[in-house]
> 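I have a structure here, written as structure tokens, and I will follow up with some questions on it.
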Amino acid sequence: MAGKGLIDRNRVLRFTFGGQSFEGFAGDSLASALLANDQRLIGRSFKYHRPRGIVTAGSEEPNALVTLERGFAREPNSRATMQPLYDGLVAKPQNAWPSLKFDALAVNDILAPFLSAGFYYKTFMWPRKFWEWVYEPAIRQAAGLGALSKRYDHELYEKAYAHCDVLIIGAGPAGLMAALTAGRAGLDVILADEHDQLGGRLLSEMEHIDGMPAAAWVQAAVAELAGFANVRIMANTTVTGAYDQGVFGALERVGLGVEALPEGLPRETFWRIYTKGAILCAGALERQIAFANNDRPGIMAAGAMRSYLNRFGVSPGQRVAIFGNNADAHRTARDFAQAGVEVVAMIDSRAEAQSLGDYPLYTGAVVTGSRGRLGLKSIDIRQSDGSVKRIDCDALGVSGGWNPSVHLTCHMNGRPVWDRALASFTPQPGAVPGLVAAGAAAGEMSTQGALAQGQAEALTLAKALGKRVKPSTLPVADATPYEITPFWDVGGTGRAWLDFQNDVTVKDIKQAVQENFRSVEHMKRYTTQGMATDQGKNSNVAALAVLADATGRGIPETGTTTFRPPYVPVALAALGAGGHGKGFAPERLLTSDRISRERGAPMVEAGLWDRPSYFPLEGETHWRQACDREVQMVRNTVGICDVSTLGKIDIQGPDAAAFLDILYTNSFASLKQGRVRYGVMLREDGHVMDDGTCARLGADHYLMTTTTAAAGQVMRHMDFVHQGLRPDLDVSFTSVTEHWAQFAVAGPEARALLNGILDRKISNKTLPYMGYKAVQLGGIAARLFRISFSGEHAYELAVPARYGESLFQLLLARAEALGGGAYGLEALNVLRIEKGFITHAEIHGRTTAFDIGLARMVSEAKDCIGKTMAARPGLVGPERDQLVGLRPIGEVKQIIPGAHLFAPEAEAVSENDEGYVTSMCYSPTLGSVIAQAFLRDGRNRHGQQIKMVEHLSGVTTLCEVCAPVFFDPEGGRLRG
């Protein structure tokens, strides 16, 4: 419309929708451009495939979902209301075949009596065999709306972090005033708004602030904020969730308004914002009134119609009618009449309503139905005297009132409070620590009130942060009070829609009550009300009112469903930004990596680390030759192995020992300084999580080591225990895995090698077995641990990571001079199997301390995580598979990990299964294949024979059951 809107009509933008070409203008949204081109049919509903048009002008849009295509990238379920128009935009409708106008699955609408709420719970139970071959394939084929591209998406997504004094969520009147106040006070401010232009409802209203048009006041406010160095403006950014300790998640759609991204620019960025305080200025969402066939294209929210008229200069129709139960609906009728659009009816359910303009007013009247399959053609109204009148119109604005956007205030299990005057829920104060609401989000619906609340909350926060602020003069704006008489459902026999996307009707809610789904959460799941991509933003409160009426309860007693993040849909690519390619599985390189590769060591992945498998020498043609040589080298002289991949967690604090006693099955409070202890850690269900060592470096200082594979899991477990179970303990811990390069020096010559490089020599007396010592290495502070994973006299020497490569070179040179050298993972595995040590091949998540023979390590003198659960019947006793060793004794010498064990005379079928093999190797020390396995009642079966069967390879081997420790069971070599 000429003279209306904030768009630039001098910049024409071309786009396509459903294969047709259209034109719009700079500043348009895709939705406004489609309306300007008289495209009222945008999509189809999920279940009945009913025609659907644009309903709102914001992120709450339930209907106008399209698929955007950019080269190979395809973004389904994009809200046309939130997509800025750009030249070359390609959009396609969804959920319709073969075309939007002629959708084959629209037959579902005819079959609606058979597809009522909960029909799937009743229909797909019989015949049973139909589920796999008929029902499930059909449901999967029909499920979903848009579809992702099957080609790789090369677009960039990022994650980022921000810190501020105050986060202001929403840039309407309350948000802008709060940002101006906080910015002038010198606070570090982030102002986030989900639209591409700041201003919120002020861009959609014909209002004045301080004597100037509201849009001009917004422009001046934004210009002032942009001049503050302490204010960051983040447009196109939706705050999606509120979390503990002042953390908020936010999705910034960086590349929203362009087709081709400049190199390095992400399509979207997911922010984690840390703030000292937050002000929610997210406004309110308009709700519908249910009446028969209230879902036709052309029936919209009345406030959204004002947005399209005043912000985009678009009239959704030529003959407009408005239906409402509150004073705000009359503003829509007034604005359209003043713009020259024919307003054929203003229908108000309130008998006392007053007109704001020259147009027909029907008080005490309601809309009872509509006509027009693919677009609205007329409505029926029931007047106050009971007579019914038909009115021709092609657009109907409906306003059932406004719901404050309370969602973020409920993300930490807070519940909103029912406000009878507003006929809506408002935020519960203090539900999210540090978050306060202002403006319409707090239930203040006037512009003047929103400005005042925004300023007041910002002043309060500034004072709390130590700023002395003199409030500036408050702008003068509209202060018209908000008046509403609750009215939810017109009634009648026709289908009256609540959730447009999921096709939930008033009848569905009442049916749920009849079938005893009276709880709001049960009703939600039975009917799917509020479970679509809009999360019921338009429909939940009306549905609750219908439920309350059907159950004879009030709305406050009925309650609300649970609001959960994210507030709007967030692409997994944004949440997991960087989590593809090397970002998904990064290469973690040892400090010894370059030297290992130069020596020809093949690399294998272990816990995302590249580790050398073995170190071949000239003339060796098979990995076994290198492995056997390395094992014998460690047993006879000395070997060097990089063990930096072990998880290292630094633990400090007065309660560090008590914390470790909770984590480990055995006691660490009794561990002396300068000593190391082996420990086992259980999950809450009693199964072994990990094992490792822990050294006491000082009175309140420990260093825990974990297995390479479980380092991250253990760290997460410690976080959970500290935050969730024992927050009273004064302890802190941090991962230092990559801070230290650590090398095993193992073999009879290990001490001689170390005494040749340490500033002060060591002995059995100064560093006994399972001891720790701070040492100096050429003046460099290092840590030396007397521990062994090989069964030999061994140490682990740790230095700051920057010295790792040079230390590895030095250790290799000294070892080779003594007849030793480097050994890799293959030899390390052989050495530990010979000694009976376990890895995650044995503690794979289904074994207990009892199973691996470490039940005595579960202390009776203290409690620990998993102790009680580990003692449950079935987790102890002879029926459990217990760790044993195996030796082949027949002609076949092959033992295969993963193979299962059976009695020699038993048939190799699952009913006779008695255990399984976890690890095997050829031991050059023993001259035999050996293995570790779990066998039922295995510890009482040493010396018996068992049959190993591997069906895939067709291998059967007769084995002798023995103790899992094959080499030096007395431990004399590692203690010597």
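These numbers come from a predicted model, not from an experiment.
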> Does any donor atom in the side chain of His840 or Thr707 lie under 3.5 Å from an acceptor atom in the other side chain?
yes
> Got a salt bridge between Glu587 and Arg611, using NZ or NE/NH1/NH2 to carboxylate O under 4.0 Å?
no
> Is it the case that the side chain of Lys648 and the backbone of Leu646 share a donor-acceptor pair, with hydrogens and angles ignored and the cut-off at 3.5 Å?
yes
> Mind listing the closest non-hydrogen atom pair of Arg880 and Asp851 along with its distance?
NH2-OD2, 2.6 Å
> Taking atom types as modelled and ignoring hydrogens, do the side chains of Ser667 and Ser859 form a donor-acceptor contact shorter than 3.5 angstrom?
no
> Do the ring planes of Phe659 and Phe733 sit parallel (below 30°), tilted (30 to 60°) or perpendicular (above 60°)?
parallel
> Please tell me whether Glu914 and Asn912 have a donor and an acceptor in their side chains that are separated by less than 3.5 angstrom.
no
> Working to the nearest 0.5 angstrom, can you tell me the gap between Thr848 OG1 and Asp881 CG?
10.0 Å
> Which value, rounded to the nearest 0.5 Å, describes the distance between Gln894 atom CD and Met948 atom CE?
6.5 Å
> Let me check something: any side-chain donor-acceptor pairs from residues 969-976 under 3.5 Å, sequence neighbours excluded? List them with distances.
| from | atom 1 | to | atom 2 | distance (Å) |
| --- | --- | --- | --- | --- |
| Arg973 | NE | Glu792 | OE1 | 3.1 |
| Arg973 | NE | Glu792 | OE2 | 2.9 |
| Arg973 | NH2 | Arg635 | O | 2.7 |
| Arg973 | NH2 | Glu792 | OE1 | 3.1 |
| Arg973 | NH2 | Glu792 | OE2 | 3.1 |

> What are the two closest heavy atoms between Pro612 and Ser596, and how far apart are they?
CG-OG, 4.0 Å
> Counting neighbours of NZ on Lys773 that are heavy atoms of other residues, nucleotides or ligands and sit closer than 6.0 Å, is the number greater than 12?
no
> Between Ser790 and Ala746, which heavy-atom pair has the shortest distance, and what is it?
OG-CB, 3.7 Å
> Got a donor-acceptor contact below 3.5 angstrom from the Gln932 side chain to the Phe837 backbone?
yes
> Here's one to test your reading of the geometry: is the NZ or CZ of Arg846 within 45 degrees of the ring axis of Tyr916 and under 6.0 Å from its centre?
yes
> Could you tell me whether Glu891 atom CD has more than 12 heavy atoms of other residues or ligands within 6.0 Å of it?
no
> Does any donor atom in the side chain of Glu749 or Thr637 lie under 3.5 Å from an acceptor atom in the other side chain?
no
> Indicate yes or no: does Arg624 engage Glu826 in a salt bridge with an N to O separation below 4.0 Å.
no
> The criterion is side chain to side chain contact (heavy atoms under 4.5 Å, CB included); which residues satisfy it with Arg677, sequence neighbours excluded?
Asn666, Phe668, Ser670, Leu671
> So does Arg832 pair up with Glu842, basic N to acidic O under 4.0 Å?
yes
> Measure up the Phe808 and Phe615 rings against each other and bin them: parallel (under 30°), tilted (30 to 60°), perpendicular (over 60°).
tilted
> Strictly distance-based, threshold 3.5 Å: is any side-chain N or O of Glu620 a donor or acceptor partner for the main-chain N or O of Leu617?
yes
> Is there side-chain contact between Tyr678 and Met857, with heavy atoms separated by less than 4.5 Å?
yes
> Do you know which of Pro888, Cys921, Ser919, Cys959 makes side-chain contact (heavy atoms from CB on, under 4.5 Å) with Ile930?
Cys921
> Would you find a donor on one side and an acceptor on the other, under 3.5 Å apart, between the side chain of Asp759 and the backbone of Gly778?
yes
> Any carboxylate oxygen within less than 4.0 angstrom of a Lys/Arg side-chain nitrogen, looking at Arg941 and Asp937?
no
> Rounded to the nearest 0.5 Å, how far does CD of Glu834 lie from CZ of Phe967?
7.0 Å
> Salt bridge or not for Arg936 and Glu879, using N-O below 4.0 Å?
no
